[in-house]
Amino acid sequence: MNQASTRSHCIFTIHISSKEPGSATIRRSKLHLVDLAGSERVAKTGVGGQLLTEAKYINLSLHYLEQVIIALSEKNRSHIPYRNSMMTSVLRDSLGGNCMTTMIATLSIEKRNIDESISTCRFAQRVALIKNEAVLNEEIDPRLIMALLSEDTKPVLFLQMIARLKKEIQELKDELALVTGEYRSEELTEEELLQ
């Protein structure tokens with residue numbers, strides 16, 4: 001075991017948005033930079049106490065991540081277990097969403113770590129099997145659109161925006177239902193709208 005290790009995963013997220021001058025379209029993206037703590041065989045390292053507890057949690061979160069990776073690589077899988085850990089929930093977009101994902105795996109060249117190196121290579125191979133088709137995340141800035149449109153075209157645009165927003169609300173409700181386990185079919189109350 002690396003004695004200087006922090007024994008934790010690190011996720012650094014950057015949100016980026018851009019807009020061309022004079023355009024009403026805003027492009028948004030999210031960049032996750034993830035450093036995963038390595039899986040270690042507890043019997044091999046001989047750790048105890050707090051380090052043993054940390055190693056258990058790290059190995060468990062890596063196990064949940066591997067379950068998600070395996071589920072995503074299976075074509076006809078209907079359920080992806082993102083909710084098993086906080087890490088897989090946070091990385092949901094990067095794993096199976098509208099994204100492009102690159103994985104860099106580091107290996108140990110020491111003979112005593114060959115099992116961990118092989119396991120890392122297999123994990124990276126499973127990640128490579130995941131196929132996502134990323135599309136641009138674009139949205140229209142309503143303030144600019146209103147300034148650009150004539151009075152005749154505004155009603156049509158409003159109907160299109162309402163339809164798009166209703167679809168987005170339904171998607172968010174479905175996602176919330178996945179996270180909380182409660183599906184909400186009724187409309188929001190006036191009090192909830194004002195919050």
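Just so we're clear, the structure is a prediction, and the values are computed from it rather than from any experiment. We use all heavy atoms of the structure for the numbers below, so side chains are in, but hydrogens, waters and symmetry mates are not. Just so you know, residue 1 is the first one in the sequence shown, and it goes up from there.
Using a distance-only test at 3.5 Å, with no hydrogens or angles considered, no donor-acceptor pair links the side chain of Asn132 to the main chain of Thr101. In this structure, Ser119 contributes its side chain and Asp115 its backbone to no donor-acceptor pair below 3.5 Å. Ser117 contributes a side-chain N or O that, together with a main-chain N or O of Ser108, makes up a donor-acceptor pair within less than 3.5 Å.
Separating the CG atom in Asn84 from the OG atom in Ser89 is a distance of 8.5 Å, to the nearest 0.5 Å. Distance check: Leu60 CG to Ser85 OG gives 8.0 Å after rounding to the nearest 0.5 Å. The line from OG of Ser73 to NZ of Lys131 is 10.5 Å long, rounded to the nearest 0.5 Å.
Looking at Val68 and Arg92, their side chains never come closer than 4.5 Å, going by heavy atoms from C-beta outward. Between His79 and Pro81, the closest side-chain pair of non-hydrogen atoms falls below 4.5 Å. Between Ile16 and Lys30, every side-chain heavy-atom pair lies at or beyond the 4.5 Å cut-off. Residues Ile80 and Leu72 are in side-chain contact: their nearest non-hydrogen atoms beyond the backbone lie under 4.5 Å apart. When side chains are defined from C-beta on, Leu62 counts as touching Leu36, because their heavy atoms get closer than 4.5 Å. Between Ile58 and His9 there is a side-chain heavy-atom pair separated by less than 4.5 Å. Using a 4.5 Å heavy-atom threshold, the side chains of Arg27 and Leu136 count as touching. At least one side-chain heavy atom of Arg28 sits under 4.5 Å from a side-chain heavy atom of Ile26.
No more than 12 heavy atoms of other residues, nucleotides or ligands shown are found within 6.0 angstrom of CD on Glu20. Counting non-hydrogen atoms of neighbouring residues, nucleotides and ligands closer than 6.0 angstrom, the CD atom of Glu138 exceeds 12 such neighbours.
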Open item on the list: Between Asp93 and Leu95, does the side-chain contact (heavy atoms from CB on, under 4.5 Å) criterion hold? Intermediate values first, please.
Closed with: CA-CA 6 Å; Asp93 292 339; Leu95 296 170; over 6 Å; no
TODO: Please report the C-alpha distance between Lys19 and Thr25 in whole Å, then the side-chain angles of each, then the deciding distance to 0.1 Å, and finally whether the side-chain contact (heavy atoms from CB on, under 4.5 Å) criterion is met.
DONE: CA-CA 6 Å; Lys19 187 177 79 158; Thr25 303; over 6 Å; no
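Listed here is the closest heavy atom pair of Ile130 and Ile69: CD1-CD1, 3.8 Å. Contact record, Ala134 with Met100: CB-CG, 3.8 Å, taken as the closest heavy-atom pair. Nearest heavy atoms, Ser94 versus His32: OG-CD2, 2.7 Å. For the residue pair Thr88 and Tyr82, the shortest heavy atom distance occurs at OG1-O, 2.5 Å. Here the closest non-hydrogen pair linking Asn98 and Asn137 is ND2-OD1, 2.7 Å.
Annotation: side-chain contact (heavy atoms from CB on, under 4.5 Å) contacts of Met103 (sequence neighbours excluded): Ala105, Phe123, Ala124, Val127.
Linking ILVMFWY residues whenever their side-chain heavy atoms come closer than 4.5 Å, directly or via other members, places Met86 and Ile11 in the same cluster.
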